[in-house]
Number of protein chains: 2
Amino acid sequence: MVKTNGQKTAGQNDTERKIMEAAEEMFLRNGYNLTTTTMIARKAGVTHAMLHYYYRTKEQIFIKVLDRNLDELLASFHPVMKKDTPFWETLESGISTHFDFLMKHPELPTFILDTMRFNPELLESYKPRIRETLLRITGFHFSIIKDEIAAGKIRDVDPEQLLLDIITLNLSAFIMLPPARKVFTEISDTRSRQILENRKKEIIALIRSRLYGKL
Amino acid sequence: MVKTNGQKTAGQNDTERKIMEAAEEMFLRNGYNLTTTTMIARKAGVTHAMLHYYYRTKEQIFIKVLDRNLDELLASFHPVMKKDTPFWETLESGISTHFDFLMKHPELPTFILDTMRFNPELLESYKPRIRETLLRITGFHFSIIKDEIAAGKIRDVDPEQLLLDIITLNLSAFIMLPPARKVFTEISDTRSRQILENRKKEIIALIRSRLYGKL
DNA sequence: ATAATGTTTAACAGATTTGTTAATACACCG
DNA sequence: CGGTGTATTAACAAATCTGTTAAACATTAT
(Lines give C-alpha, C1' and ligand atoms only; values in the text may rest on other atoms or scores of the structure.)
Protein backbone atom coordinates (compact mmCIF):
# COMPACT_ATOMS: atom_id res chain seq x y z
CA MET A 1 0.00 0.00 0.00
CA VAL A 2 2.59 2.55 1.08
CA LYS A 3 5.08 3.08 -1.69
CA THR A 4 8.76 3.14 -0.71
CA ASN A 5 10.72 2.13 -3.80
CA GLY A 6 13.29 4.25 -5.58
CA GLN A 7 11.63 6.42 -8.19
CA LYS A 8 9.06 8.13 -6.02
CA THR A 9 11.13 9.66 -3.29
CA ALA A 10 10.79 12.87 -5.27
CA GLY A 11 7.08 12.37 -6.07
CA GLN A 12 4.70 9.95 -7.67
CA ASN A 13 5.59 7.13 -9.98
CA ASP A 14 4.64 7.29 -13.61
CA THR A 15 1.30 5.51 -13.39
CA GLU A 16 0.11 7.53 -10.45
CA ARG A 17 1.10 10.77 -12.13
CA LYS A 18 -0.55 9.87 -15.42
CA ILE A 19 -3.77 9.04 -13.60
CA MET A 20 -3.74 12.35 -11.76
CA GLU A 21 -3.11 14.30 -14.96
CA ALA A 22 -5.89 12.53 -16.81
CA ALA A 23 -8.24 12.92 -13.85
CA GLU A 24 -7.51 16.62 -13.54
CA GLU A 25 -8.16 17.22 -17.20
CA MET A 26 -11.45 15.34 -17.22
CA PHE A 27 -12.78 16.60 -13.91
CA LEU A 28 -12.02 20.19 -14.88
CA ARG A 29 -13.75 19.84 -18.20
CA ASN A 30 -16.74 17.68 -17.27
CA GLY A 31 -17.16 17.89 -13.52
CA TYR A 32 -17.48 15.08 -11.02
CA ASN A 33 -20.64 13.30 -12.15
CA LEU A 34 -19.94 13.27 -15.88
CA THR A 35 -16.43 11.93 -15.44
CA THR A 36 -16.15 8.16 -15.09
CA THR A 37 -13.19 6.37 -13.60
CA THR A 38 -13.14 4.22 -16.73
CA MET A 39 -12.66 7.29 -18.91
CA ILE A 40 -9.86 8.58 -16.70
CA ALA A 41 -8.09 5.23 -16.87
CA ARG A 42 -8.48 5.07 -20.63
CA LYS A 43 -7.09 8.59 -21.04
CA ALA A 44 -4.21 7.80 -18.69
CA GLY A 45 -3.52 4.58 -20.60
CA VAL A 46 -3.77 2.31 -17.59
CA THR A 47 -6.14 -0.33 -16.31
CA HIS A 48 -9.00 1.14 -14.36
CA ALA A 49 -8.07 -1.06 -11.42
CA MET A 50 -4.87 1.00 -11.11
CA LEU A 51 -6.82 4.04 -10.26
CA HIS A 52 -8.51 2.32 -7.36
CA TYR A 53 -5.17 0.92 -6.32
CA TYR A 54 -3.61 4.36 -6.04
CA TYR A 55 -6.56 6.49 -5.00
CA ARG A 56 -9.06 4.03 -3.58
CA THR A 57 -12.21 5.82 -4.81
CA LYS A 58 -13.33 8.27 -7.46
CA GLU A 59 -14.13 10.77 -4.74
CA GLN A 60 -10.57 10.61 -3.38
CA ILE A 61 -9.14 11.44 -6.80
CA PHE A 62 -11.57 14.29 -7.15
CA ILE A 63 -10.67 15.68 -3.73
CA LYS A 64 -7.00 15.72 -4.75
CA VAL A 65 -7.84 17.59 -7.95
CA LEU A 66 -10.04 20.00 -6.07
CA ASP A 67 -7.29 20.58 -3.56
CA ARG A 68 -4.65 21.47 -6.11
CA ASN A 69 -6.90 23.89 -7.96
CA LEU A 70 -8.67 25.53 -5.06
CA ASP A 71 -5.37 26.39 -3.44
CA GLU A 72 -4.29 28.14 -6.60
CA LEU A 73 -7.60 29.96 -6.89
CA LEU A 74 -7.52 31.28 -3.35
CA ALA A 75 -3.88 32.30 -3.63
CA SER A 76 -4.68 34.30 -6.76
CA PHE A 77 -6.67 36.77 -4.70
CA HIS A 78 -3.89 37.87 -2.40
CA PRO A 79 -1.47 39.97 -4.47
CA VAL A 80 -3.28 43.22 -5.14
CA MET A 81 -4.38 44.69 -1.86
CA LYS A 82 -2.21 47.63 -0.90
CA LYS A 83 -3.78 50.55 0.89
CA ASP A 84 -1.21 53.10 -0.22
CA THR A 85 -1.49 52.95 -4.03
CA PRO A 86 -4.14 55.18 -5.65
CA PHE A 87 -7.68 53.83 -5.71
CA TRP A 88 -8.27 53.32 -9.40
CA GLU A 89 -4.82 51.85 -9.89
CA THR A 90 -5.57 49.31 -7.19
CA LEU A 91 -8.98 48.40 -8.56
CA GLU A 92 -7.86 48.21 -12.17
CA SER A 93 -4.92 46.02 -11.30
CA GLY A 94 -7.28 43.86 -9.22
CA ILE A 95 -9.60 43.33 -12.17
CA SER A 96 -6.68 42.79 -14.51
CA THR A 97 -4.87 40.34 -12.25
CA HIS A 98 -8.04 38.36 -11.70
CA PHE A 99 -8.71 38.22 -15.43
CA ASP A 100 -5.11 37.20 -16.19
CA PHE A 101 -5.30 34.44 -13.63
CA LEU A 102 -8.44 33.15 -15.32
CA MET A 103 -6.70 33.21 -18.69
CA LYS A 104 -4.13 30.83 -17.24
CA HIS A 105 -6.86 28.64 -15.76
CA PRO A 106 -9.75 29.05 -18.16
CA GLU A 107 -11.58 25.93 -17.02
CA LEU A 108 -11.49 26.71 -13.33
CA PRO A 109 -14.63 28.88 -13.12
CA THR A 110 -16.76 26.27 -14.83
CA PHE A 111 -15.24 23.56 -12.69
CA ILE A 112 -16.05 25.38 -9.46
CA LEU A 113 -19.51 26.24 -10.74
CA ASP A 114 -20.22 22.61 -11.61
CA THR A 115 -19.03 21.50 -8.20
CA MET A 116 -21.16 24.09 -6.44
CA ARG A 117 -24.19 22.99 -8.44
CA PHE A 118 -23.93 19.23 -8.22
CA ASN A 119 -21.46 18.34 -5.47
CA PRO A 120 -21.58 21.13 -2.90
CA GLU A 121 -20.94 18.59 -0.13
CA LEU A 122 -17.44 18.06 -1.51
CA LEU A 123 -16.74 21.76 -0.96
CA GLU A 124 -17.91 21.65 2.64
CA SER A 125 -14.43 21.33 4.14
CA TYR A 126 -13.13 24.24 2.05
CA LYS A 127 -15.93 26.59 3.05
CA PRO A 128 -14.12 28.25 5.97
CA ARG A 129 -11.05 29.00 3.88
CA ILE A 130 -13.12 30.19 0.93
CA ARG A 131 -15.30 32.32 3.13
CA GLU A 132 -12.33 33.85 4.88
CA THR A 133 -10.56 34.71 1.64
CA LEU A 134 -13.73 36.17 0.19
CA LEU A 135 -14.40 38.21 3.28
CA ARG A 136 -10.87 39.59 3.24
CA ILE A 137 -11.03 40.70 -0.35
CA THR A 138 -14.56 42.10 -0.23
CA GLY A 139 -13.77 43.79 3.07
CA PHE A 140 -10.72 45.46 1.59
CA HIS A 141 -12.53 46.66 -1.51
CA PHE A 142 -15.64 47.77 0.34
CA SER A 143 -13.41 49.89 2.48
CA ILE A 144 -11.47 51.62 -0.30
CA ILE A 145 -14.63 52.11 -2.38
CA LYS A 146 -16.48 53.69 0.52
CA ASP A 147 -13.55 55.94 1.30
CA GLU A 148 -13.44 57.08 -2.29
CA ILE A 149 -17.17 57.76 -2.32
CA ALA A 150 -16.92 59.66 0.94
CA ALA A 151 -14.14 61.76 -0.57
CA GLY A 152 -16.43 62.53 -3.51
CA LYS A 153 -13.93 61.07 -5.95
CA ILE A 154 -16.24 58.50 -7.50
CA ARG A 155 -19.95 58.06 -7.99
CA ASP A 156 -22.05 56.77 -5.12
CA VAL A 157 -22.29 53.10 -6.10
CA ASP A 158 -23.19 50.09 -3.99
CA PRO A 159 -19.82 48.37 -3.35
CA GLU A 160 -21.45 44.95 -3.28
CA GLN A 161 -23.04 45.48 -6.67
CA LEU A 162 -19.79 46.82 -8.08
CA LEU A 163 -17.85 43.74 -6.98
CA LEU A 164 -20.59 41.54 -8.40
CA ASP A 165 -20.24 43.46 -11.67
CA ILE A 166 -16.52 42.84 -11.79
CA ILE A 167 -16.59 39.21 -10.77
CA THR A 168 -19.51 38.17 -12.98
CA LEU A 169 -18.10 40.04 -15.97
CA ASN A 170 -14.70 38.42 -15.59
CA LEU A 171 -16.06 34.94 -15.00
CA SER A 172 -18.60 35.20 -17.81
CA ALA A 173 -15.85 35.46 -20.37
CA PHE A 174 -14.73 31.99 -19.36
CA ILE A 175 -17.99 30.34 -18.39
CA MET A 176 -20.32 31.43 -21.15
CA LEU A 177 -18.31 32.33 -24.20
CA PRO A 178 -16.58 28.99 -24.85
CA PRO A 179 -19.80 26.95 -25.03
CA ALA A 180 -21.39 29.64 -27.16
CA ARG A 181 -18.48 29.54 -29.58
CA LYS A 182 -18.76 25.77 -29.61
CA VAL A 183 -22.24 26.07 -31.07
CA PHE A 184 -21.96 29.14 -33.23
CA THR A 185 -18.46 29.77 -34.49
CA GLU A 186 -15.45 27.56 -34.18
CA ILE A 187 -12.49 29.79 -33.56
CA SER A 188 -8.68 29.73 -33.66
CA ASP A 189 -6.48 29.84 -30.60
CA THR A 190 -4.79 33.16 -31.27
CA ARG A 191 -8.10 34.76 -32.23
CA SER A 192 -9.52 33.41 -29.02
CA ARG A 193 -6.78 35.06 -26.97
CA GLN A 194 -7.36 38.32 -28.80
CA ILE A 195 -11.07 38.21 -28.05
CA LEU A 196 -10.28 37.72 -24.39
CA GLU A 197 -7.88 40.67 -24.40
CA ASN A 198 -10.60 42.86 -25.89
CA ARG A 199 -13.02 41.58 -23.32
CA LYS A 200 -10.63 42.51 -20.53
CA LYS A 201 -10.22 46.04 -21.84
CA GLU A 202 -13.97 46.44 -22.20
CA ILE A 203 -14.65 45.23 -18.66
CA ILE A 204 -12.13 47.66 -17.23
CA ALA A 205 -13.58 50.51 -19.30
CA LEU A 206 -17.06 49.55 -18.15
CA ILE A 207 -16.21 49.61 -14.46
CA ARG A 208 -14.22 52.80 -14.89
CA SER A 209 -17.10 54.67 -16.48
CA ARG A 210 -19.44 53.36 -13.80
CA LEU A 211 -17.25 55.03 -11.20
CA TYR A 212 -16.03 58.17 -12.90
CA GLY A 213 -18.62 58.99 -15.54
CA LYS A 214 -20.79 62.07 -15.05
CA LEU A 215 -24.17 61.67 -16.69
CA MET B 1 -49.42 3.48 -30.49
CA VAL B 2 -51.45 6.43 -31.73
CA LYS B 3 -53.79 7.60 -28.99
CA THR B 4 -57.37 8.34 -29.98
CA ASN B 5 -59.40 7.85 -26.83
CA GLY B 6 -61.62 10.43 -25.18
CA GLN B 7 -59.60 12.39 -22.68
CA LYS B 8 -56.83 13.52 -24.94
CA THR B 9 -58.60 15.26 -27.75
CA ALA B 10 -57.76 18.44 -25.85
CA GLY B 11 -54.21 17.37 -25.03
CA GLN B 12 -52.23 14.62 -23.39
CA ASN B 13 -53.54 12.13 -20.90
CA ASP B 14 -52.51 12.34 -17.30
CA THR B 15 -49.55 9.97 -17.42
CA GLU B 16 -48.08 11.56 -20.50
CA ARG B 17 -48.44 15.02 -19.02
CA LYS B 18 -46.94 14.02 -15.67
CA ILE B 19 -43.95 12.51 -17.45
CA MET B 20 -43.40 15.66 -19.49
CA GLU B 21 -43.63 17.90 -16.45
CA ALA B 22 -41.19 15.78 -14.47
CA ALA B 23 -38.86 15.54 -17.45
CA GLU B 24 -38.90 19.28 -18.00
CA GLU B 25 -38.11 19.98 -14.38
CA MET B 26 -35.22 17.54 -14.25
CA PHE B 27 -33.72 18.33 -17.63
CA LEU B 28 -33.82 22.05 -16.90
CA ARG B 29 -32.15 21.62 -13.56
CA ASN B 30 -29.61 18.90 -14.34
CA GLY B 31 -29.18 18.78 -18.10
CA TYR B 32 -29.41 15.81 -20.41
CA ASN B 33 -26.61 13.58 -19.15
CA LEU B 34 -27.26 13.91 -15.43
CA THR B 35 -30.96 13.21 -15.80
CA THR B 36 -31.93 9.54 -15.90
CA THR B 37 -35.18 8.21 -17.28
CA THR B 38 -35.58 6.31 -14.02
CA MET B 39 -35.47 9.54 -12.03
CA ILE B 40 -38.00 11.17 -14.32
CA ALA B 41 -40.34 8.20 -13.93
CA ARG B 42 -39.94 8.22 -10.18
CA LYS B 43 -40.66 11.95 -9.97
CA ALA B 44 -43.67 11.55 -12.27
CA GLY B 45 -44.90 8.64 -10.17
CA VAL B 46 -45.10 6.18 -13.04
CA THR B 47 -43.28 3.07 -14.14
CA HIS B 48 -40.22 3.87 -16.19
CA ALA B 49 -41.57 1.72 -18.99
CA MET B 50 -44.35 4.28 -19.42
CA LEU B 51 -41.89 6.87 -20.47
CA HIS B 52 -40.60 4.68 -23.26
CA TYR B 53 -44.15 3.86 -24.22
CA TYR B 54 -45.06 7.51 -24.69
CA TYR B 55 -41.78 8.98 -25.86
CA ARG B 56 -39.78 6.03 -27.13
CA THR B 57 -36.34 7.28 -26.01
CA LYS B 58 -34.76 9.65 -23.51
CA GLU B 59 -33.54 11.77 -26.40
CA GLN B 60 -37.07 12.17 -27.76
CA ILE B 61 -38.31 13.46 -24.41
CA PHE B 62 -35.38 15.85 -24.22
CA ILE B 63 -36.06 17.15 -27.72
CA LYS B 64 -39.65 17.92 -26.73
CA VAL B 65 -38.47 19.81 -23.63
CA LEU B 66 -35.87 21.66 -25.68
CA ASP B 67 -38.50 22.56 -28.23
CA ARG B 68 -40.92 24.07 -25.74
CA ASN B 69 -38.25 26.16 -24.07
CA LEU B 70 -36.25 27.25 -27.06
CA ASP B 71 -39.37 28.56 -28.75
CA GLU B 72 -40.09 30.70 -25.73
CA LEU B 73 -36.52 31.91 -25.55
CA LEU B 74 -36.38 32.97 -29.16
CA ALA B 75 -39.78 34.63 -28.97
CA SER B 76 -38.61 36.67 -26.00
CA PHE B 77 -36.23 38.59 -28.21
CA HIS B 78 -38.81 39.98 -30.57
CA PRO B 79 -40.81 42.60 -28.69
CA VAL B 80 -38.46 45.51 -28.23
CA MET B 81 -37.12 46.54 -31.59
CA LYS B 82 -38.78 49.75 -32.78
CA LYS B 83 -36.73 52.20 -34.78
CA ASP B 84 -38.83 55.23 -33.87
CA THR B 85 -38.54 55.28 -30.07
CA PRO B 86 -35.54 57.12 -28.58
CA PHE B 87 -32.27 55.19 -28.41
CA TRP B 88 -31.76 54.86 -24.68
CA GLU B 89 -35.42 54.05 -24.11
CA THR B 90 -35.14 51.23 -26.62
CA LEU B 91 -31.93 49.85 -25.17
CA GLU B 92 -33.04 50.10 -21.57
CA SER B 93 -36.32 48.40 -22.29
CA GLY B 94 -34.41 45.72 -24.20
CA ILE B 95 -32.19 45.00 -21.20
CA SER B 96 -35.14 45.14 -18.85
CA THR B 97 -37.36 42.90 -20.95
CA HIS B 98 -34.58 40.37 -21.34
CA PHE B 99 -33.94 40.37 -17.60
CA ASP B 100 -37.64 40.06 -16.79
CA PHE B 101 -37.97 37.12 -19.15
CA LEU B 102 -35.08 35.43 -17.36
CA MET B 103 -36.76 36.02 -14.00
CA LYS B 104 -39.73 34.06 -15.30
CA HIS B 105 -37.43 31.31 -16.62
CA PRO B 106 -34.49 31.37 -14.25
CA GLU B 107 -33.24 27.91 -15.15
CA LEU B 108 -33.23 28.45 -18.90
CA PRO B 109 -29.74 30.01 -19.23
CA THR B 110 -28.08 27.18 -17.34
CA PHE B 111 -30.10 24.65 -19.30
CA ILE B 112 -29.00 26.08 -22.64
CA LEU B 113 -25.42 26.40 -21.41
CA ASP B 114 -25.37 22.77 -20.31
CA THR B 115 -26.76 21.66 -23.63
CA MET B 116 -24.21 23.71 -25.55
CA ARG B 117 -21.43 22.20 -23.46
CA PHE B 118 -22.35 18.57 -23.44
CA ASN B 119 -24.95 17.95 -26.13
CA PRO B 120 -24.37 20.49 -28.88
CA GLU B 121 -25.48 17.91 -31.45
CA LEU B 122 -29.00 18.11 -30.06
CA LEU B 123 -29.02 21.82 -30.88
CA GLU B 124 -27.92 21.26 -34.45
CA SER B 125 -31.41 21.47 -35.94
CA TYR B 126 -32.16 24.69 -34.06
CA LYS B 127 -28.99 26.42 -35.21
CA PRO B 128 -30.51 28.17 -38.23
CA ARG B 129 -33.38 29.62 -36.21
CA ILE B 130 -31.11 30.62 -33.33
CA ARG B 131 -28.60 32.15 -35.67
CA GLU B 132 -31.27 34.06 -37.55
CA THR B 133 -32.83 35.44 -34.38
CA LEU B 134 -29.46 36.40 -33.01
CA LEU B 135 -28.45 38.09 -36.24
CA ARG B 136 -31.69 40.05 -36.32
CA ILE B 137 -31.32 41.36 -32.81
CA THR B 138 -27.60 42.10 -33.01
CA GLY B 139 -28.09 43.67 -36.42
CA PHE B 140 -30.80 45.94 -35.08
CA HIS B 141 -28.80 47.02 -32.06
CA PHE B 142 -25.56 47.44 -33.95
CA SER B 143 -27.37 49.77 -36.26
CA ILE B 144 -28.96 51.99 -33.61
CA ILE B 145 -25.77 52.06 -31.56
CA LYS B 146 -23.68 53.09 -34.55
CA ASP B 147 -26.18 55.76 -35.51
CA GLU B 148 -26.07 57.16 -32.01
CA ILE B 149 -22.27 57.16 -32.01
CA ALA B 150 -22.20 58.86 -35.40
CA ALA B 151 -24.56 61.50 -34.05
CA GLY B 152 -22.16 62.09 -31.16
CA LYS B 153 -24.87 61.24 -28.64
CA ILE B 154 -23.02 58.41 -26.89
CA ARG B 155 -19.44 57.36 -26.36
CA ASP B 156 -17.62 55.52 -29.11
CA VAL B 157 -18.02 51.96 -27.87
CA ASP B 158 -17.69 48.69 -29.77
CA PRO B 159 -21.30 47.56 -30.29
CA GLU B 160 -20.29 43.90 -30.13
CA GLN B 161 -18.63 44.37 -26.76
CA LEU B 162 -21.57 46.35 -25.47
CA LEU B 163 -24.02 43.60 -26.38
CA LEU B 164 -21.70 41.07 -24.78
CA ASP B 165 -21.69 43.23 -21.66
CA ILE B 166 -25.47 43.29 -21.53
CA ILE B 167 -26.03 39.63 -22.27
CA THR B 168 -23.33 38.26 -19.99
CA LEU B 169 -24.37 40.56 -17.14
CA ASN B 170 -28.00 39.53 -17.42
CA LEU B 171 -27.27 35.84 -17.76
CA SER B 172 -24.71 35.84 -14.96
CA ALA B 173 -27.35 36.74 -12.44
CA PHE B 174 -29.07 33.46 -13.21
CA ILE B 175 -26.16 31.20 -14.05
CA MET B 176 -23.64 32.06 -11.37
CA LEU B 177 -25.45 33.52 -8.40
CA PRO B 178 -27.75 30.58 -7.52
CA PRO B 179 -24.94 28.01 -7.20
CA ALA B 180 -22.88 30.53 -5.25
CA ARG B 181 -25.74 31.11 -2.84
CA LYS B 182 -26.13 27.37 -2.53
CA VAL B 183 -22.64 27.15 -1.10
CA PHE B 184 -22.33 30.37 0.84
CA THR B 185 -25.65 31.69 2.05
CA GLU B 186 -29.01 30.02 1.88
CA ILE B 187 -31.51 32.69 1.09
CA SER B 188 -35.26 33.31 1.19
CA ASP B 189 -37.43 33.59 -1.89
CA THR B 190 -38.51 37.19 -1.47
CA ARG B 191 -34.98 38.25 -0.59
CA SER B 192 -33.85 36.45 -3.72
CA ARG B 193 -36.29 38.41 -5.88
CA GLN B 194 -35.14 41.64 -4.27
CA ILE B 195 -31.51 40.84 -5.01
CA LEU B 196 -32.41 40.24 -8.63
CA GLU B 197 -34.25 43.54 -8.83
CA ASN B 198 -31.18 45.32 -7.48
CA ARG B 199 -29.05 43.47 -9.94
CA LYS B 200 -31.25 44.59 -12.81
CA LYS B 201 -31.05 48.24 -11.75
CA GLU B 202 -27.27 48.00 -11.40
CA ILE B 203 -26.84 46.44 -14.85
CA ILE B 204 -28.90 49.17 -16.45
CA ALA B 205 -26.96 51.86 -14.58
CA LEU B 206 -23.71 50.23 -15.64
CA ILE B 207 -24.56 50.18 -19.32
CA ARG B 208 -25.95 53.68 -19.14
CA SER B 209 -22.78 55.14 -17.67
CA ARG B 210 -20.72 53.24 -20.24
CA LEU B 211 -22.61 55.09 -22.97
CA TYR B 212 -23.25 58.50 -21.48
CA GLY B 213 -20.53 59.05 -18.91
CA LYS B 214 -17.88 61.67 -19.60
CA LEU B 215 -14.61 60.80 -17.91
C1' DA C 1 -71.02 -9.17 -24.61
C1' DT C 2 -67.09 -9.27 -27.21
C1' DA C 3 -63.55 -7.97 -30.18
C1' DA C 4 -60.31 -4.38 -30.90
C1' DT C 5 -57.51 -0.98 -29.30
C1' DG C 6 -55.03 1.51 -25.86
C1' DT C 7 -52.61 1.50 -21.26
C1' DT C 8 -49.92 -0.39 -17.58
C1' DT C 9 -47.06 -3.66 -15.23
C1' DA C 10 -43.31 -6.73 -14.23
C1' DA C 11 -39.67 -9.05 -15.86
C1' DC C 12 -35.84 -9.21 -18.58
C1' DA C 13 -31.53 -7.88 -21.42
C1' DG C 14 -27.32 -5.70 -22.49
C1' DA C 15 -24.22 -1.93 -21.43
C1' DT C 16 -21.81 0.70 -18.23
C1' DT C 17 -20.55 2.18 -13.62
C1' DT C 18 -17.66 1.88 -9.24
C1' DG C 19 -15.09 -1.04 -6.72
C1' DT C 20 -12.81 -5.66 -5.15
C1' DT C 21 -9.92 -9.61 -5.40
C1' DA C 22 -6.94 -13.34 -6.50
C1' DA C 23 -3.24 -14.40 -9.27
C1' DT C 24 0.93 -12.87 -11.44
C1' DA C 25 4.95 -10.09 -12.72
C1' DC C 26 8.53 -7.33 -11.01
C1' DA C 27 12.12 -5.15 -8.30
C1' DC C 28 14.97 -4.94 -4.52
C1' DC C 29 17.75 -6.63 -0.49
C1' DG C 30 20.06 -9.77 2.15
C1' DC D 1 19.39 -17.15 -5.13
C1' DG D 2 15.28 -16.67 -2.39
C1' DG D 3 12.11 -13.92 -0.09
C1' DT D 4 9.49 -9.73 0.67
C1' DG D 5 6.70 -6.19 -0.72
C1' DT D 6 5.02 -3.49 -4.67
C1' DA D 7 2.75 -3.03 -9.30
C1' DT D 8 -0.26 -4.77 -12.64
C1' DT D 9 -3.66 -7.57 -14.81
C1' DA D 10 -7.91 -9.92 -15.66
C1' DA D 11 -11.89 -11.48 -13.88
C1' DC D 12 -15.64 -10.75 -11.16
C1' DA D 13 -19.63 -8.43 -8.55
C1' DA D 14 -23.34 -5.40 -7.46
C1' DA D 15 -25.78 -1.42 -8.86
C1' DT D 16 -27.80 1.41 -12.23
C1' DC D 17 -29.01 2.83 -16.88
C1' DT D 18 -31.70 2.66 -21.33
C1' DG D 19 -34.75 0.12 -23.72
C1' DT D 20 -37.84 -4.09 -24.99
C1' DT D 21 -41.42 -7.42 -24.51
C1' DA D 22 -45.17 -10.32 -23.25
C1' DA D 23 -48.91 -10.52 -20.58
C1' DA D 24 -52.60 -8.25 -17.80
C1' DC D 25 -55.79 -4.69 -17.50
C1' DA D 26 -58.95 -0.97 -19.11
C1' DT D 27 -61.83 1.30 -22.46
C1' DT D 28 -64.45 1.88 -26.39
C1' DA D 29 -67.24 0.61 -30.23
C1' DT D 30 -70.04 -2.63 -32.53
Side-chain angles (χ1 to χ4, degrees), chain A residues 1-24 26-27 29-66 114-115 118-119 121-122, chain B residues 1-27 29-66 114 118-119 121-122:
Chain A
M1 190 75 83
V2 182
K3 296 132 276 163
T4 48
N5 69 353
Q7 49 186 326
K8 64 197 91 77
T9 50
Q12 307 145 316
N13 73 36
D14 203 50
T15 301
E16 191 174 352
R17 188 183 42 73
K18 280 193 296 187
I19 291 173
M20 181 46 68
E21 279 168 11
E24 183 155 36
M26 309 227 48
F27 278 136
R29 191 184 315 138
N30 299 334
Y32 184 78
N33 301 281
L34 288 179
T35 301
T36 69
T37 54
T38 317
M39 287 158 55
I40 295 175
R42 201 156 42 80
K43 165 150 289 192
V46 304
T47 322
H48 92 276
M50 279 295 86
L51 169 160
H52 294 287
Y53 176 71
Y54 282 108
Y55 297 97
R56 204 73 184 162
T57 66
K58 177 181 172 181
E59 187 171 317
Q60 288 305 311
I61 310 177
F62 185 79
I63 296 282
K64 283 242 162 75
V65 171
L66 197 57
D114 285 343
T115 307
F118 296 115
N119 313 91
E121 74 283 1
L122 298 177
Chain B
M1 190 75 84
V2 181
K3 294 134 276 160
T4 48
N5 67 355
Q7 51 186 324
K8 64 196 91 79
T9 50
Q12 306 145 316
N13 73 35
D14 203 48
T15 301
E16 190 174 354
R17 187 182 44 72
K18 280 193 296 188
I19 291 172
M20 181 47 67
E21 279 167 12
E24 183 155 36
E25 193 178 328
M26 308 226 52
F27 278 136
R29 191 185 313 138
N30 300 333
Y32 183 78
N33 302 280
L34 288 179
T35 301
T36 71
T37 54
T38 316
M39 286 158 56
I40 295 175
R42 201 156 42 81
K43 164 152 289 191
V46 303
T47 321
H48 93 277
M50 279 295 85
L51 175 155
H52 294 287
Y53 175 71
Y54 282 107
Y55 297 97
R56 203 72 184 163
T57 67
K58 178 182 173 182
E59 188 171 316
Q60 288 304 312
I61 310 178
F62 185 79
I63 295 282
K64 284 240 161 76
V65 171
L66 197 56
D114 285 343
F118 297 114
N119 313 91
E121 74 282 2
L122 298 177

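Letters A, B, ... mirror the listed sequences (proteins, then strands); counts begin at 1.
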- Step by step, would you call A:Tyr54 with A:Met20 a side-chain contact (heavy atoms from CB on, under 4.5 Å)? CA-CA 10 Å; A:Tyr54 282 108; A:Met20 181 46 68; over 6 Å; no
Protein-nucleotide distance ([X], atom [atom1]; [N], atom [atom2]), rounded to Å:
X       : N      : atom1 : atom2 : value
B:Ile19 : D:dG19 : CD1   : P     : 14 Å
B:Asp14 : C:dG6  : CG    : C1'   : 16 Å
A:His48 : D:dT9  : NE2   : P     : 12 Å
A:Arg56 : C:dT21 : CZ    : C1'   : 11 Å
A:Glu59 : C:dG19 : CD    : P     : 9 Å
A:Tyr55 : C:dT18 : OH    : P     : 16 Å
B:Leu51 : D:dG19 : CG    : P     : 9 Å
B:His52 : D:dT21 : NE2   : P     : 13 Å

Name the closest nucleotide to the [X] side chain, picking from [options].
X       : options              : value
B:Ala49 : C:dA10, C:dT7, D:dT9 : C:dA10
A:Tyr53 : C:dT8, C:dT18, D:dA7 : D:dA7
B:Met50 : C:dG19, D:dT9, C:dT8 : C:dT8

- Item | OP1 or OP2 of D:dT8 under 4.0 Å from side-chain N/O of A:Thr15 | yes
- Message: Heavy atoms within less than 4.0 Å of DNA chain D: which residues of residues 32-41 of chain B have one? Give them sorted by number.
- Response: B:Thr35, B:Thr36, B:Thr37, B:Thr38
- Note on the structure: Taken to the nearest 0.5 Å, the spacing of B:Ile19 CD1 from B:His52 NE2 works out to 9.5 Å
- Measure the CD1-CD distance between A:Ile61 and A:Glu24 for me, rounded to the nearest 0.5 Å. 12.0 Å
- Do the rings of B:Tyr32 and B:Phe62 sit parallel, tilted or perpendicular, given the 30° and 60° boundaries? perpendicular
- Side chain to side chain, B:Phe27 and B:Ile40, heavy atoms closer than 4.5 Å: yes
- residues 33-44 of chain B vs side-chain hydrogen bond (donor to acceptor under 3.5 Å, both in side chains), sequence neighbours excluded, gives B:Glu25-B:Lys43, B:Asn33-B:Asn119
- Carefully, step by step, assess A:Thr47 and A:Tyr53 under the rule side-chain contact (heavy atoms from CB on, under 4.5 Å). CA-CA 10 Å; A:Thr47 322; A:Tyr53 176 71; over 6 Å; no
